[in-house]
Amino acid sequence: MRVPMIAGNWKMNTTVDEAVRLVKAMLPEIDKVKGVEKVVCPPFVSLTSVAKVIASSSLKLGAQNLYYQEKGAYTGEISTEMLAGLCDYVIIGHSERRQVFGETDELINKKVKAAVENLLKPIFCIGETLAENEAGRTEEVLTHQFMATSNRLYFFGGMVIAYEPVWAIGTGKSATAEQANKTIGFIRHLVAHKHGEEIAESVRILYGGSVTADNIAAFMHQPEIDGALVGGASLKADSFVRIVSQTAAARGLS
Ligand code: 13P
């Protein structure tokens with residue numbers, strides 16, 4: 001059985017004070033929810049402060065990015081060594097990194113490798129753009145992105161995959177639960193093809209893109225979808241709490 005997971009990607013939002021207030025506001029209710037893995041991914045500067053707040057809770061911490069080199073003259077970058085011990089997870093290959101910062105499949109592969117080698121679990125993001133979707137190229141694009149970052153060891157390192165169709169991110173226009181289920185089923189099929197059924201059955205594949213407290217239950221009723229990577233709706237304590245508790249309810253855990 002795959003443990004459902006809800007991760008909040010706060011992106012470039014919240015000052016340190018706001019991050020601490022936000023996590024304190026959500027923590028008591030979220031901590032009560034059992035059977036769901038719950039993760040928040042604040043900006044780098046807030047990681048230490050948020051880590052202190054959640055230290056003795058069931059809430060886990062993730063970073064939003066890393067650089068693959070151990071240390072050195074890489075102005076502005078953060079290494080795995082700096083994050084290891086502080087975070088459990090790290091988001092890698094988010095479409096905003098790919099599109100706004102020009103990250104390539106090659107760079108993303110190096111980042112995932114560096115994360116796993118330093119015991120950070122990657123939340124590895126893949127997804128097609130609107131133009132690719134409309135041209136019927138979704139499966140081709142996902143295959144390419146997946147194959148470029150697909151080493152068996154990554155799965156043993158606890159890698160989670162997040163399917164985030166770019167057209168659904170921050171647009172308020174989510175994929176339908178059935179669409180997302182079908183595409184995530186396709187990704188699981190890719191994993192099985194490359195690494196075998198056992199790994200495919202155990203890897204968690206999340207959906208991301210305009211997930212809210214109102215639509216999470218529909219996603220979580222689908223058999224292939226193991227949780228969600230939530231952007232905007234993770235920035236309000238009450239909506240993130242509802243997303244987590246509805247995930248548990250949809251899976252019969254509460
Ligand atoms: P939204 O939930 O704001 O659409 O963002 C999704 C996302 O990019 C999560 O990583």
Side-chain angles (χ1 to χ4, degrees), residues 4-14 18-19 22-23 26 30 36-44 46-47 50 60-66 87-103 108 111-112 115 120-130 132-133 138 141-142 145-146 149 159-177 179-180 183-184 187 204-220 222 225-244 246-247:
M5 174 172 170
I6 298 293
N9 175 8
W10 295 4
K11 306 192 180 183
M12 197 176 73
N13 294 291
T14 68
E18 288 166 348
L22 178 57
V23 78
M26 59 176 66
I30 284 190
V36 177
E37 190 169 23
K38 303 148 288 192
V39 185
V40 286
C41 306
F44 283 133
S46 298
L47 287 173
V50 171
K60 294 187 177 163
L61 194 62
Q64 298 177 18
N65 186 22
L66 57 73
C87 300
D88 297 288
Y89 287 95
V90 56
I91 299 170
I92 300 178
H94 193 280
S95 65
E96 287 149 16
R97 302 281 336 158
R98 293 176 188 264
Q99 296 198 323
V100 183
F101 301 99
E103 291 198 5
I108 290 163
K111 290 185 174 196
V112 171
L120 288 164
K121 296 177 193 145
I123 301 176
F124 166 55
C125 303
I126 56 178
E128 83 286 3
T129 63
L130 181 62
E132 289 161 345
N133 182 282
T138 299
V141 170
L142 295 176
Q145 291 175 340
F146 171 74
T149 306
M159 182 168 80
V160 173
I161 299 175
Y163 167 56
E164 297 208 313
V166 178
W167 47 270
I169 295 176
T171 58
K173 181 178 179 285
S174 68
T176 65
Q179 267 174 333
T183 309
I184 287 177
I187 296 167
R204 286 179 297 178
I205 311 181
L206 315 180
Y207 167 74
S210 297
V211 169
T212 64
D214 295 327
N215 63 21
I216 186 67
F219 289 112
M220 295 313 300
Q222 299 289 334
I225 303 178
D226 300 317
L229 183 55
V230 185
S234 70
L235 289 169
K236 291 214 173 75
D238 62 333
S239 70
F240 196 61
V241 166
R242 279 172 61 212
I243 288 170
V244 169
Q246 295 210 16
T247 297

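Because the structure is a prediction, the values reported are computed rather than measured. One-based numbering, in listed order, for ligands and for the atoms of each. In what follows, every heavy atom counts, from backbone to side chain, and hydrogens, waters and symmetry copies are set aside.
- Here the side chains of Phe219 and Thr247 are not in contact, with every heavy-atom distance at 4.5 Å or above.
- Listed by atom number, the atoms of ligand 1 under 4.0 Å from Glu164 heavy atoms are 6 (C), 7 (C), 8 (O), 9 (C), 10 (O).
- Every atom of ligand 1 is numbered from 1 in the order shown, and the set under 4.0 Å from a heavy atom of Lys11 is 5 (O), 6 (C), 7 (C), 8 (O).
- Residue Gly232 has at least one heavy-atom neighbour below 4.0 Å for each of these atoms of ligand 1: 1 (P), 2 (O), 3 (O).
- Ligand 1 has Gly209 within reach: a non-hydrogen atom of the residue lies less than 4.0 Å from it.
- Taking a cut-off of under 4.0 Å to the non-hydrogen atoms of Asn9, the atoms of ligand 1 that pass are 9 (C), 10 (O).
- In terms of heavy-atom proximity, Cys87 sits nearest to Gly62 at SG-C, 4.1 Å.
- Geometrically, ligand 1 and Ser210 share a nitrogen or oxygen pair separated by less than 3.5 Å.
- Proximity of Ser210 to Thr171: side-chain heavy atoms (C-beta onward) are separated by under 4.5 Å at one or more points.
- The part of Ala168 lying near ligand 1 is the backbone, judged by heavy-atom distances below 4.0 Å.
- By the salt bridge (charged side-chain N to carboxylate O under 4.0 Å, His left out) test, Asp238 pairs with no residue at all, sequence neighbours left out.
- Looking at residues two or more places apart in sequence or on another chain, you find a side-chain contact (heavy atoms from CB on, under 4.5 Å) between Asp88 and Lys60.
- Between Val40 and Met26 the shortest side-chain heavy-atom distance falls below 4.5 Å.
- By the 4.5 Å heavy-atom criterion applied to side chains, Pro43 and Thr14 are counted as neighbours.
- Near Gly231, the atoms of ligand 1 lying under 4.0 angstrom from a non-hydrogen atom of the residue are 1 (P), 2 (O), 3 (O), 5 (O), 6 (C), 9 (C).
- Between the side chains of Glu164 and His94, at least one donor N or O sits under 3.5 Å from an acceptor N or O.
- Under a 4.0 Å criterion applied to the non-hydrogen atoms of Leu229, ligand 1 contributes the atoms 9 (C), 10 (O).
- At least one heavy atom of Gly170 sits less than 4.0 Å from an atom of ligand 1.
- Not a single heavy atom of Ser174 sits closer than 4.0 Å to an atom of ligand 1.
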